[in-house]
There are 2 protein chains.
Amino acid sequence: MGRMVGIKDVARHAGVSVGTVSNVINHPDMVSPQTRARVQTAIDRLGYVRSESARQLRAGLSRIMALLVLDMGNPFFVDVARGAERAAREAGLGVMVCNSAQSPSEEAEYLSLFAEQRVRGVLITPADGSGNNLASFARHGIPFVLVDRQTIDDTTCSVAVDDVAGGALAARHLVSAGHTTIAYVSGPGHLQQVRDRREGALRALAEAGLPPESLVELPTERLDVAAGRDAGSRLLGLRPSVTAVFCANDLLALGVLQSLFAAGVHVPGDLALVGYDDIEFAAAAAVPLTSVRQPAVTMGRMAAELLLEETGPDAEQHRHRNVLLQPELVVRDSSLTPR
Amino acid sequence: MGRMVGIKDVARHAGVSVGTVSNVINHPDMVSPQTRARVQTAIDRLGYVRSESARQLRAGLSRIMALLVLDMGNPFFVDVARGAERAAREAGLGVMVCNSAQSPSEEAEYLSLFAEQRVRGVLITPADGSGNNLASFARHGIPFVLVDRQTIDDTTCSVAVDDVAGGALAARHLVSAGHTTIAYVSGPGHLQQVRDRREGALRALAEAGLPPESLVELPTERLDVAAGRDAGSRLLGLRPSVTAVFCANDLLALGVLQSLFAAGVHVPGDLALVGYDDIEFAAAAAVPLTSVRQPAVTMGRMAAELLLEETGPDAEQHRHRNVLLQPELVVRDSSLTPR
DNA sequence: AATTATTTGTGAAACGATTCATTGAAGTGA
DNA sequence: TCACTTCAATGAATCGTTTCACAAATAATT
C-alpha cells in the first residue's frame, strides 16, 4: 500500500499552492475557472481523496453522529436508524449505528469511543437505568438526544412516543369490541415503556367502567419472541375468562400467536391479539397483527434533526425540547370482532 | 461548549512534557510509577479524552472497519453485522455499519466516505453488479472482503455460503417427502444467489430422476415479504399439481405463508413450504418454517477476521482466501410430511 | 494617470497526538 | 574519580488539512 497522495501532491502537480487546492474543494467560487479545472484534473489524475482525520483535527469535531440502540435485532430500532440516517445524510453527516444490547457496560464502552471520536452528537436509548453512563458522558460537552425515552428536565432534548396513550388505544379497541377481561403480556418490570403501556390500558378500562382486575398481567423476562411463546402457553390456562391479549411488543405478540396456533386456538375467533410497535413482521404474520404503530422512522428523524439544530450554526437559539409523538392503532385481522 | 482539554493541558497540569503524557497512555512501562500516577490523576481530574482524529492523522489509518450491506431490514444482515462486530471489537476496532439499500449510487457514496475516513478495510456485499464501484474503490489501496459473494480470482478475500448446496438441500428434502412438482419462488434474476439456489434445486431433482419441468419458477421483483405475498396468490392457481414451495428467502416464504393462510390453504397439509436464511422470524412464524440456515454470524465473523489478518501486523504472509461455508437444513413444521 | 476596489492566489500557522533522537540524572565497576 | 551503562523525561518534527492575513494583479472610478 503506497503512500497516500495528499493535498500537497495535488498542489505540486497542478502548479499551485496548497491553499488553492483546498479552496477548489471547499470554496470553488473563490477560484478562477481555469485554475479550478487544472486542479480538478490533477485531483482526478492522482486519485486524491481528502483525509477526513486531518480535516476533523482542524475542525475540532467530526461529521459523524452516533446512534446507540438497545437491540438491533428488533426491527423497531432498525426503523429508528433509517430515519436518523436519512436526516443526517441530508445534512452531510454520517451515522454510526451501534448496539448496546441492553448492557450498561457495553454502553459505557461505546460512549467513550464516541468521545474519542469527537462525534457531533449522540442519539441514545439508554441501557443504563441509573443514568450514570450518561451523566459522565455529559461532562465531555458532547450533546445528546434521548430516543424513545422521556425527560422531565430541560437539560437535553428527547423524542419519545406517548406510551400511556398507546396502551389506552389498544385496550379501548379491545373493550369496544366487547372484551371485558384482557391479558397484558408485559416485559421486564423495570422498563418505563412496559409500565406506561399498562397504565394506559388500565385507564381505558376505567373509562369503560371496568375494574383493574380486568387486566391480567403476564410478566416476561425479555421483550422477544421466545418470551412471547412462553407467555402464550401460560395464556392457555387463562381461557376462557380471558378473551383478548395485549402484548407490550410485537415480538412478544408473534411468539404468543405461534403458541396459540400450535395449541389450535383460533385468532381472533377464540382470542383477540394486539401487539405494539407495528414492525414489518406484524403485518406479515399468518394472521396479520393489530398493533399500535410507533412512528419509529419519524422518531429517528426528529431526534437527528434536534441534534443537528443543537450543533448547527444557530446553536445559540436552540432550546431543548421534549417531543412526545402520538402512536396510532393499526387494526388488522388479529383483533377482528368474531361473529 | 468549552475548549476540549488536550494532551498539553494534562502535561502542564502534571508538570511534565507532552511526550511523557503520551507515554503514560501508550507505553506505561516506560514511565516511572510516580510520574505515571501524577499524570493519571491529572488526566482524571481534567477529564481528558484523547482525540482519535489526531491519533489517526499520525497513524495514517483509522481503527474502524466498515460493513456495507444490502438491506438492514433483513435480519440476515443484522446477524452478519453481529458477527463482524464481535470479531472487530476483540481486535479493538469499531465497526461502522451502513446500508446501501441495493442502490449502486448509495454504495458509491458510502465507499467514498470510507475512503475519506481511511477506514482499516471494508466488508461488503456488492450492490453494483457491474463491479465498477469496487474497481474504482480498489485504487485507493484499502483492502476489502466480499461477504455473501464468491470470487473466482485471488485479488480479494471472500466469505460466502454454498448456495447450490443449499438449494439442493431444500429440494432433496422435499423430494424425499414425496413431492414431485415444486414451485420455486425466486427473486430478481440478476442475483447470483437466486440462480445458484435454483441450480441446486435442479440438481437435486435430477438426482431423483425428475425432469427440470418439475421445478416451476415464480419470479419476483424483490426479496421481501410483499413480494412473497404476491407470489403466494399466484401460487394458488398452480395447485394441486404443485405440492411444495421452495422460496429463495425467508421473507418471501413468510409472505407466501400469509397468502396461503388467508386463502385457507393448510401448510404443510396442502402445501409444504421451505424458506432460506433461517432468520429468527422463520422459527417464529405461526407455522414454524423449515429453512436453509445460513451461518450468518459466522460469515460476518470470518469476513472480519480475514480483513484483520490482511491489515494486521503479519499482513505480509497473508494469502487471499475464498471461504465457502456450508448451509444446513433446519426442518420445522412447514414441511412435515402430511399423513 | 492616480486612486480605490475587486478578484485570485499565496504561504505560514494552527489542530492534537505520536515518535525519536537527545539530554540529564542516577547507578555500576574499575 | 572517570568512563560507561541504564533509566526517565524532554521537545521538536511530523501527519494532512483549513483558515486567514496578506500580496499581486486586474478592473473600476475619479
Side-chain angles (χ1 to χ4, degrees), chain A residues 1-40 42-43 46-63 92 113 115-120 140-142, chain B residues 1-40 42-43 46-63 113 115-119 140-142:
Chain A
M1 187 165 53
R3 213 183 94 283
M4 283 278 174
V5 311
I7 206 171
K8 265 189 228 159
D9 304 288
V10 177
R12 194 172 330 116
H13 198 269
V16 297
S17 73
V18 291
T20 302
V21 177
S22 175
N23 282 334
V24 168
I25 299 170
N26 302 295
H27 312 281
D29 32 310
M30 284 193 150
V31 181
S32 78
Q34 302 94 295
T35 23
R36 200 191 309 162
R38 207 144 40 90
V39 170
Q40 195 56 56
I43 287 179
L46 298 178
Y48 165 75
V49 183
R50 81 170 150 215
S51 156
E52 180 63 23
S53 46
R55 175 202 246 271
Q56 249 174 243
L57 175 57
R58 189 87 228 296
L61 41 73
S62 82
R63 282 158 49 227
L113 181 69
E116 286 192 2
Q117 305 258 9
R118 304 283 194 271
V119 295
R120 189 68 133 274
H140 298 313
I142 298 177
Chain B
M1 184 165 55
R3 215 183 91 283
M4 283 277 174
V5 310
I7 205 171
K8 264 188 231 162
D9 304 287
V10 176
R12 194 172 332 116
H13 198 268
V16 296
S17 73
V18 290
T20 303
V21 178
S22 175
N23 281 335
V24 169
I25 299 169
N26 303 294
H27 312 282
D29 33 310
M30 282 192 153
V31 181
S32 77
Q34 302 94 295
T35 24
R36 200 190 312 161
R38 208 145 36 91
V39 171
Q40 195 58 55
I43 287 179
L46 297 178
Y48 165 75
V49 183
R50 81 172 150 210
S51 154
E52 180 63 22
S53 47
R55 177 205 246 272
Q56 252 177 238
L57 175 58
R58 190 90 228 295
L61 41 72
S62 82
R63 281 158 49 226
L113 181 70
E116 286 190 0
Q117 305 260 7
R118 304 282 193 274
V119 295
H140 299 313
I142 298 177

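Note on naming: letters A, B, ... go to the chains in the order of the sequence lines (proteins, then strands), and numbering restarts at 1 for each one. Heavy atoms only: backbone and side chains are in, while hydrogens, waters and symmetry mates are out.
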Please tell me which of B:Ser32 and A:Ile25 maps to the more 5' nucleotide of DNA chain D, matching each residue to the nucleotide holding its nearest heavy atom. B:Ser32
Taking all non-hydrogen atoms of both residues, which atom of A:Gln117 and which atom of A:Gln56 are closest, and how far apart? O-NE2, 3.9 Å
Search all heavy atoms of A:Arg118 against all heavy atoms of B:Val49 and return the closest pair with its distance. NH2-O, 2.8 Å
Proximal nucleotide (of [options]) relative to the [X] side chain:
| X | options | answer |
| --- | --- | --- |
| B:Leu57 | C:dA17, D:dT17, C:dG16 | C:dG16 |
| B:Asn26 | C:dT18, D:dT19, D:dT17 | C:dT18 |
| A:Thr20 | D:dT17, C:dG9, D:dT18 | C:dG9 |

Answer with yes or no whether B:Arg55 presents, from its side chain, a donor or acceptor under 3.5 Å of a partner atom in the base of C:dT18. no
On a plain distance test, is the side chain of A:Arg58 in donor-acceptor contact with the base of D:dT17 below 3.5 Å? no
If you measure from [atom1] on [X] to [atom2] on [Y], what distance do you get to the nearest 0.5 Å?
| X | Y | atom1 | atom2 | value |
| --- | --- | --- | --- | --- |
| A:Ser53 | B:Glu52 | OG | CD | 9.0 Å |
| B:Met4 | A:Ile142 | CE | CD1 | 5.0 Å |
| A:Arg120 | A:Arg63 | CZ | CZ | 8.5 Å |

Atom [atom1] of [X] to atom [atom2] of [N]: distance rounded to whole Å?
| X | N | atom1 | atom2 | value |
| --- | --- | --- | --- | --- |
| A:His27 | C:dT10 | NE2 | P | 16 Å |
| B:Arg118 | D:dT17 | CZ | P | 6 Å |
| A:Arg36 | C:dG9 | CZ | P | 10 Å |
| B:Leu46 | C:dG16 | CG | P | 14 Å |
| B:Asn23 | C:dT19 | CG | P | 9 Å |
| A:Met30 | C:dT6 | CE | P | 14 Å |
| A:Ile7 | D:dC15 | CD1 | P | 15 Å |

Identify whether any heavy atom of [X] sits under 4.0 Å from a base atom; if not, whether one sits that close to sugar-phosphate; answer base, sugar-phosphate or nothing.
| X | value |
| --- | --- |
| A:Val49 | sugar-phosphate |
| B:Val16 | sugar-phosphate |
| A:Thr35 | sugar-phosphate |
| A:Ser22 | base |

Mapping A:Ser17 and A:Gly60 to their closest nucleotides on DNA chain C, which lands nearer the 5' end? A:Ser17
Hey, which sits more toward the 5' end of DNA chain C by its nearest nucleotide, A:Val31 or A:Val18? A:Val31
In the structure I gave you, are the side-chain heavy atoms of A:Val31 and A:Val39 within less than 4.5 Å of one another anywhere? no
Please report the C-alpha distance between A:Val10 and A:Val24 in whole Å, then the side-chain angles of each, then the deciding distance to 0.1 Å, and finally whether the side-chain contact (heavy atoms from CB on, under 4.5 Å) criterion is met. CA-CA 11 Å; A:Val10 177; A:Val24 168; over 6 Å; no
Stem regions touching DNA chain D, defined by at least 3 consecutive Watson-Crick or wobble G-U pairs below 3.5 angstrom: C:1-30 with D:1-30
Does the B:Arg38 side chain pair with the main chain of B:Ala14, one donor and one acceptor, at a distance under 3.5 Å? yes
